[in-house]
Protein chains: 2
Amino acid sequence: MKIDHIMTFLEIAACGNFNRAADNLNVTQSTVSARVKTLEDQFGRSLFTRSHSGVELTSAGHHFKRYAIGIQRLWQQAHQEVTLPKGYKTVLALGAQVSLWDRLILKWMPRMREKASDVALRVEADYSSSLMRQLSDGLLDIGVMYTPRQIPGLVIDNLFEETLMLATTRERDVTAGWLEDYVFVDWGDEFRARHGEAFPDMETPAVSVGLGALGLQYILENGGSGYFPTRVVEPLIGQGRLFPVHDAPSASRPAYVVYTATPKDEELLQLALSELRAVAITAS
Amino acid sequence: MKIDHIMTFLEIAACGNFNRAADNLNVTQSTVSARVKTLEDQFGRSLFTRSHSGVELTSAGHHFKRYAIGIQRLWQQAHQEVTLPKGYKTVLALGAQVSLWDRLILKWMPRMREKASDVALRVEADYSSSLMRQLSDGLLDIGVMYTPRQIPGLVIDNLFEETLMLATTRERDVTAGWLEDYVFVDWGDEFRARHGEAFPDMETPAVSVGLGALGLQYILENGGSGYFPTRVVEPLIGQGRLFPVHDAPSASRPAYVVYTATPKDEELLQLALSELRAVAITAS
DNA sequence: ATCAAACTATCGAATTATTCGATGGTTCAC
DNA sequence: GTGAACCATCGAATAATTCGATAGTTTGAT
């Protein structure tokens, strides 16, 4: 069975006519006939009832159609996912957590396109656990995440440390008042741990937010205080929209890059990593 | 692309060795080499990394494997369906988690044979994630599982809710003593969550069991307490082999049926679903 | 260092499958 | 009866696949 046979079958099923199918597929009618014959011989059943005015599916044909569609779809998808685009020498697959996407990957991609124009890029966003699994399965070349897990055969490097600082929308009474309308923003396991250490007596804040960007938006619109990346907060302080809480401890949130210890293309990997680090410097 | 290429690819992926694959497929090694080469040429990417001691999948190979499996299965099933024995109109494919097998599928099958004697049945047991993939690839008509995942094009219906109750082998001192020899049986994410809520202070039990049936066997043989389906426990209570812990909270564990929104045979699907629901009533 | 063992790659020849173009047969409408 | 619109089949050209043999690796034992 060749994929051509499937396509031919489906084309005929669609247009009900060997000749038209032959035209659409750019082959002769005898080829179409032969292809159908091959399929029918394989099944030992005829797939079409021939008549003067074209053909119709037999019941076996009807049943086969469903599978033919599935096979055709899967093959197409496989092709789409696996085939190397024309003009490219290889593919580099990188996965990153969503939260690292815009600050890092969006800047990394154009740099890679420039420095390695013959390398196709496949980038994905996913959770760190899923990224780790894909890395160890060899489905990804590079993973960028906040909470990697040590796995044999994979190397974990520190990529950058983001500093989280406490900022508030209060213009006055900053030091004493920030706790009043504090918003707990969940920056992950490590942050939660440090947060618990730093403020052991803090009651559960009235508002807590699971995703960083949302928390910042919230306090900008409704007023409040919370921990946010220095990089993001500083311009807002410059604009007078936020104020630093100077005596509050800052927290750090390291991001890591993970890759296999035995890459297929050492040179390319090193390039990708150094570009990633270069981008990370501007991002942190 | 020929189906032989797919089979060859999968055989190699399974045994990691061109020579052994050649043996298993009853062709020469050079044929295997050539087949792989055609695939690789088509994709413009290598699918295996050759090494001294056999071959391994490249990342492209890993990606392709998923589709190769699907195509191979679809082709196989197409063959099965198209060459149906006389008297059968179609095949209905159902997949279920192992744990739902005996309580549901074994009862469902004879009913279907009776009500739709011209429909061949193909039933499989697998994990829910694998079932979901097969459903979305069109390899299954119906899936029955505890933890479906929402996928476009697939419909998820509640099938029944199983009640889990706490039971113990202790004849006396039931209420106070059950914790002593408690066995934690893992009934899935939702159960773990409810369990944590209900017993926030519980220390890690000395024995925990991943598969329900094993847990029950364990406490019946060695004594102990744990959560089990009411349906299973009640007869044992009747026999005096188990005793209910009356003041412990019970948990529910919903099971779902998943099917495509665009079935090949709506009527048959509805019959299968209604039979499944009928069976579920007696099972819950 | 050498050798054998266990791999995969490749080459040429034989074989097999596919395709084309031409031809033949059928059915239906007019 | 004739032509138009079909599909089947045949033979020859072409292309793809296979085999067997051989060559080139790498590894581990001696």
Side-chain angles (χ1 to χ4, degrees), chain A residues 1-58 60-62 64-65 68 71-72 75 79 138 262-264 266, chain B residues 1-58 60-61 64-65 68 71-72 75 79:
Chain A
M1 186 280 292
K2 300 224 298 195
I3 195 71
D4 292 351
H5 297 159
I6 303 280
M7 311 272 260
T8 305
F9 169 85
L10 287 172
E11 186 60 42
I12 300 170
C15 69
N17 184 312
F18 279 28
N19 285 284
R20 214 163 318 143
D23 270 0
N24 298 343
L25 297 166
N26 294 311
V27 293
T28 58
Q29 172 260 315
S30 68
T31 299
V32 169
S33 251
R35 284 180 181 172
V36 171
K37 192 172 184 318
T38 315
L39 277 178
E40 290 179 329
D41 286 351
Q42 262 179 85
F43 290 134
R45 291 264 199 299
S46 65
L47 297 170
F48 298 100
T49 53
R50 279 74 165 169
S51 80
H52 56 98
S53 58
V55 294
E56 275 187 13
L57 287 171
T58 62
H62 267 114
F64 179 57
K65 184 176 170 191
I71 291 172
Q72 196 233 29
W75 175 250
H79 213 269
T262 54
K264 57 182 178 193
E266 180 70 44
Chain B
M1 184 280 294
K2 301 224 299 194
I3 196 72
D4 291 352
H5 296 158
I6 303 277
M7 311 271 261
T8 305
F9 169 84
L10 287 172
E11 184 61 41
I12 300 169
C15 71
N17 184 312
F18 279 29
N19 284 285
R20 214 161 322 143
D23 271 0
N24 298 343
L25 297 166
N26 294 310
V27 293
T28 58
Q29 172 258 315
S30 68
T31 299
V32 169
S33 250
R35 285 180 180 172
V36 172
K37 194 170 181 313
T38 19
L39 276 179
E40 290 180 328
D41 286 351
Q42 239 169 114
F43 291 135
R45 289 229 265 162
S46 66
L47 297 169
F48 298 99
T49 53
R50 280 74 164 168
S51 81
H52 52 98
S53 56
V55 294
E56 275 187 13
L57 288 171
T58 62
F64 180 57
K65 187 176 169 191
I71 291 171
Q72 196 241 27
W75 176 249
H79 212 274

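Note on naming: letters A, B, ... go to the chains in the order of the sequence lines (proteins, then strands), and numbering restarts at 1 for each one.
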Asker: Counting the atoms with a prime plus P, OP1 and OP2 as sugar-phosphate, which does Ser33(A) contact under 4.0 Å by heavy atoms, base, sugar-phosphate, or nothing?
Answerer: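 Answer is base: heavy atoms of Ser33(A) come under 4.0 Å of a base.
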Asker: Closest-nucleotide mapping onto DNA chain D: is Gly16(A) or Thr28(B) further toward the 5' terminus? I mean the 5' end.
Answerer: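 Whichever sits nearer the 5' end wins; that is Gly16(A).
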Asker: Evaluate the ring planes of Phe43(B) and Trp75(A), with Trp represented by its six-membered ring, and classify them as parallel (under 30°), tilted (30 to 60°) or perpendicular (over 60°).
Answerer: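 Geometry flag for Trp75(A) against Phe43(B): tilted rings.
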Asker: Check the distance between dT8(C)'s C1' and Asp23(B)'s CG and give it to me in whole angstrom.
Answerer: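 In whole Å, dT8(C) C1' and Asp23(B) CG are 15 Å from each other.
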Asker: Does dA9(C) have OP1 or OP2 under 4.0 Å away from a side-chain N or O of Arg50(B)?
Answerer: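 It does, given that an N or O in the side chain of Arg50(B) lies less than 4.0 Å from OP1 or OP2 of dA9(C).
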Asker: Start at the 5' end of DNA chain C and walk down; is the nucleotide closest to Gln29(A) or to Gly54(B) reached first?
Answerer: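 The 5'-side residue here is Gly54(B).
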Asker: Rounding to a whole Å, what distance do you find between Asp4(A):CG and dT19(C):C1'?
Answerer: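 The distance from CG of Asp4(A) to C1' of dT19(C) comes to 11 Å, rounded to the nearest Å.
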Asker: With side-chain contact (heavy atoms from CB on, under 4.5 Å) as the criterion, how do Ile3(A) and His79(A) come out once you've worked through the C-alpha distance, each side chain's angles and the decisive distance to 0.1 Å?
Answerer: CA-CA 12 Å; Ile3(A) 195 71; His79(A) 213 269; over 6 Å; no
Asker: Is Leu10(A) close to Gln72(A) at the side-chain level, that is, under 4.5 Å between some pair of heavy atoms?
Answerer: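 The answer is yes; the side chains approach within 4.5 Å.
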Asker: Considering just the side-chain nitrogens and oxygens of Arg35(A), establish if one lies under 4.0 Å of OP1 or OP2 belonging to dA17(C).
Answerer: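 No, because none of the side-chain N or O atoms of Arg35(A) sits under 4.0 Å from OP1 or OP2 of dA17(C).
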Asker: Give the rounded distance in Å between these two atoms: NE2 of His52(B) and C1' of dA6(C).
Answerer: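 It is 11 Å, rounded to the nearest whole Å.
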Asker: For the residue pair Phe9(B) and Phe64(B), does the interplanar ring angle fall in the parallel (under 30°), tilted (30 to 60°) or perpendicular (over 60°) class?
Answerer: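 Judged by the thresholds at 30° and 60°, the geometry between Phe9(B) and Phe64(B) is perpendicular.
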Asker: For Thr31(A), give me all partners under side chain to side chain donor-acceptor pair (under 3.5 Å), at least two apart in sequence or on another chain.
Answerer: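 Side chain to side chain donor-acceptor pair (under 3.5 Å) check on Thr31(A) returns Thr28(A).
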Asker: Ignoring hydrogens and geometry, is there a side-chain-to-backbone donor-acceptor pair from Glu40(A) to Leu47(A) under 3.5 Å?
Answerer: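 Yes, Glu40(A) side chain to Leu47(A) backbone: donor-acceptor pair under 3.5 Å.
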Asker: Check the distance between dA17(C)'s C1' and Ile3(B)'s CD1 and give it to me in whole angstrom.
Answerer: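 Distance check: Ile3(B) CD1 to dA17(C) C1' gives 17 Å.
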Asker: How is Val55(B) classified with respect to the nucleic acid when contacts are heavy atoms under 4.0 Å: base, sugar-phosphate, or nothing?
Answerer: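 Sugar-phosphate, no base atom in range.
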Asker: Hey, which of these two, Ala34(B) or Asn17(B), hits DNA chain C nearer its 5' end, going by closest nucleotide?
Answerer: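 Its nearest nucleotide lies further toward 5', so the answer is Asn17(B).
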Asker: Check every nucleotide of DNA chain D for an atom under 4.0 Å from a heavy-atom of chain A, then give the first and the last such nucleotide from 5' to 3'.
Answerer: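 Here the contact window of chain A covers dC6(D) to dT9(D).
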Asker: Which atoms form the tightest heavy-atom contact between Ala13(A) and Lys65(A), and what is the distance?
Answerer: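 Closest heavy-atom pair between Ala13(A) and Lys65(A): CB-CD, 4.5 Å.
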Asker: Quickly work out the Arg20(B) CZ to dC7(C) P distance and round it to whole Å.
Answerer: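 About 6 Å, once rounded to whole Å.
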Asker: Which whole-number value in Å describes the distance from Asn19(A) CG to dT26(C) P?
Answerer: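 Rounding to the nearest Å, CG of Asn19(A) and P of dT26(C) are 18 Å apart.
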